[in-house]
Colleague: 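One structure, as structure tokens, below. Some questions next.
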Protein chains: 2
Amino acid sequence: MDDLETRELRYFVAVAEELHFGRAADRLGIAQPALSRAIRQLEHRLGVQLLDRDRRGAALTDAGRVLLREAGAALDAVAAAARRTRRAGDEKRPLMLVTKAGASHELLQRLLVAHASAPDAAPVEVVLCEVGEQARFLRDGRADVAIMHRPYDDLAGFDTEDLYVEGQVALLPAGHPLAARDQLTLAEVRDVPGLPIARWPQLDGTYPDGPGPEVHTQSQLAQLVALGKTLLVIPASSRAWQWPDHVAVPVVDAPEVTTVIAWPPSGYSPAVASLVRSAAGLHRVAPTS
Amino acid sequence: MDDLETRELRYFVAVAEELHFGRAADRLGIAQPALSRAIRQLEHRLGVQLLDRDRRGAALTDAGRVLLREAGAALDAVAAAARRTRRAGDEKRPLMLVTKAGASHELLQRLLVAHASAPDAAPVEVVLCEVGEQARFLRDGRADVAIMHRPYDDLAGFDTEDLYVEGQVALLPAGHPLAARDQLTLAEVRDVPGLPIARWPQLDGTYPDGPGPEVHTQSQLAQLVALGKTLLVIPASSRAWQWPDHVAVPVVDAPEVTTVIAWPPSGYSPAVASLVRSAAGLHRVAPTS
DNA sequence: ACTTGCTGATGCCCTTCAGGTATCAGCAAG
DNA sequence: CTTGCTGATACCTGAAGGGCATCAGCAAGT
């Protein structure tokens, strides 16, 4: 059977994301005719039409949508193979741990301290990423292990260990009427006049509908809240990055958030095992806040 | 960054498995010099030595072992992308369900019947594979969903739903002294003179040490047990394939076996969801035996 | 209706590089 | 010192990926 080459997958992903051969070719650094031919050949080899060409661009067929998803996963796996192999060559390579910037500060702190005193401690390097990007880092080999949050993050396909369960708080600009309350409900937080809830990327990378601003970094958020443009509901421990002009109020009926440590099952190594063991030792210890 | 091509990964896997450039080249249908050059180039691009060449063949380095594992996963992902995309083109494509030949007969039977009467039932095609191969089928796209057994099968990276929990029985040749007992313990079953326990492939594909024969199909096993060459401990429901000259005796302290339905998180589709829902409806119903 | 300005598709040429054949080079065992 | 393995080199060839120029369809101005 004729196997696909990663080049073909990269080409298709570019076109599927741009929905435009010219721009995709540009992004890939090749000429448009070459791209058109490559995609045609790919369609022919798979025996399936992937794109509906149209006067004003291209649109994905059902099969195209399947391939977009699968190709992404496959390319991540290939990238992971390269990265992990390169790193296997280094002696004294540190373990890469990825987490959302600004989340779970203190838990992470304690984890690193605890692990440093473990007998078989390997050095750990912390990588910060944007919201929802941890899974990507694990999948493509940029990280060996991640700190993630259920139910917000995509844990599919990873082994995990629960570390900590906590409630959520609403983060409001100081001076807002609701900021004086000592607790809130989700119903009260929704539809606050002039204070729409910020919209985060969902598991599939799209944004939910709504009036609030689209954000994907903590600093954007902090800014927007301070400016009185939005409010948000976040895990209680995240108020570590709270600004002076922010006020956190517990939201009593918000779903609980579980902080977990996650790793790709294929990438299980003694170093990862050791770190996970250190993490398990932190179980249920409330963070100082 | 220079991405790897699947061709290079296939070449490396062949060499890593054969540990011999000539044989690997033969298997790939290319000449040995081309292979040598491809591997050298791969090593150079990764900046890591993958193989220790030696007068009598090649041996994997640590990095090589990492790449062997990662490349396998990556190639499976690429193959899955191709297969799932092709199948997405077919209308009326059946759902592919894979299970070990001979295991969980009746549960599967009931699942298929239950699902056939579901309102959104898609046709289901059953594929049988050898012991421990289900994960491979799910990973490379040959199957959409699998019936597997914890703790025997490798469930890492899949979403699962528990279907059924059962104890295990020892399968003995009729006429053996232990066959008259109405229950046994693991301690009694181990080290039965002249009846070593058969050795199954472990999660990593290697065989545990021991005196018993290496087997990987049910029919091999059935034969060996009937011949009085081995005994084995298996889930109670597997005695469906028991021969007339087999006797099953419960092993009271053997770990429980959970039959689960598993699917790759990436491959989640309405059809899979529907089948899983049907399966969940079977919960805890004891099979007739 | 004609033009304009987008889109992706074609035709033709060139360069690159994967792969084949022949041969070399190291080394262990006769 | 020869023989018979191994993998590595040298050199050539050919398929195919890629670039450039151009074509072809279609919608929206004018």
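Lettering follows sequence order; numbering is per chain, from 1. A quick note: this is a predicted structure, and the numbers were derived from the prediction, not measured.
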Colleague: Between B:Gly22 and A:Pro33, which is nearer to the 5' end of DNA chain D once each is assigned its nearest nucleotide?
Modeller: B:Gly22

Colleague: Under 4.0 Å: is that the gap between some side-chain N or O of B:Arg56 and OP1 or OP2 of C:dA28?
Modeller: no

Colleague: For A:Arg53 and C:dT10, give me the distance from atom CZ to atom P, rounded to whole Å.
Modeller: 10 Å

Colleague: Rounding to a whole Å, what distance do you find between A:Asp52:CG and C:dG8:C1'?
Modeller: 13 Å

Colleague: Quick one: on DNA chain D, does A:Gln32 or A:Arg55 contact a more 5' nucleotide (nearest heavy atom)?
Modeller: A:Gln32

Colleague: By the 4.0 Å heavy-atom rule, please label A:Arg37 as base, sugar-phosphate, or nothing.
Modeller: base

Colleague: What does B:Glu8 touch in the nucleic acid at a heavy-atom separation under 4.0 angstrom: a base, only the sugar-phosphate, or nothing?
Modeller: nothing

Colleague: Between atom CD1 in B:Ile39 and atom C1' in D:dA8, what is the gap in whole Å?
Modeller: 14 Å

Colleague: Base, sugar-phosphate, or nothing for A:Ala31, non-hydrogen atoms under 4.0 angstrom?
Modeller: sugar-phosphate

Colleague: If you pin A:Ala34 and A:Gly57 to their nearest nucleotides in DNA chain C, which one's is more 5'?
Modeller: A:Gly57

Colleague: At 4.0 Å (heavy atoms only), tell me whether B:Gln41 reaches a base, stays on the sugar-phosphate, or touches nothing.
Modeller: sugar-phosphate

Colleague: Do NZ/NE/NH1/NH2 and the carboxylate oxygens of A:Glu17 and A:Arg23 come within less than 4.0 Å?
Modeller: no

Colleague: If I take atom CG from residue B:Leu50 and atom CD1 from residue B:Ile39, how far apart are they, to the nearest 0.5 angstrom?
Modeller: 7.5 Å

Colleague: Of B:Arg142, B:Arg139, B:Arg136, which meets side chain to side chain donor-acceptor pair (under 3.5 Å) against B:Asp76?
Modeller: B:Arg136

Colleague: Whole-Å distance between C:dG8 P and A:Leu35 CG?
Modeller: 10 Å

Colleague: Please state how far atom CD1 in B:Ile30 lies from atom P in C:dC17, giving the value in whole angstrom units.
Modeller: 17 Å

Colleague: Quick one: does B:Thr85's side chain have a donor or acceptor within less than 3.5 Å of a partner on B:Ala81's backbone?
Modeller: yes

Colleague: Between B:Ser36 and D:dG7, is there a contact of a side-chain N or O with OP1 or OP2 at under 4.0 Å?
Modeller: no

Colleague: C:dG19 P sits how many Å from B:Tyr11 OH, rounded?
Modeller: 3 Å

Colleague: Rounded to the nearest angstrom, tell me the gap between atom CG in B:Asp3 and atom C1' in D:dG17.
Modeller: 17 Å

Colleague: In plain terms, say whether B:Arg53 and B:Glu43 are close enough for a salt bridge, that is, a side-chain N and a carboxylate O under 4.0 Å apart.
Modeller: yes

Colleague: Stems in DNA chain C: runs of 3 or more consecutive Watson-Crick or G-U pairs, distances under 3.5 Å?
Modeller: C:1-30 with D:1-30

Colleague: Is a salt bridge present between B:Arg93 and B:Asp144, judged by a nitrogen-to-oxygen distance below 4.0 Å?
Modeller: no

Colleague: Could you state the atom-to-atom distance from CG of B:Leu50 to C1' of D:dG7 in whole Å?
Modeller: 16 Å

Colleague: Measure the spacing between CG of A:Leu75 and CZ of A:Arg7 and express it to the nearest 0.5 Å.
Modeller: 12.5 Å

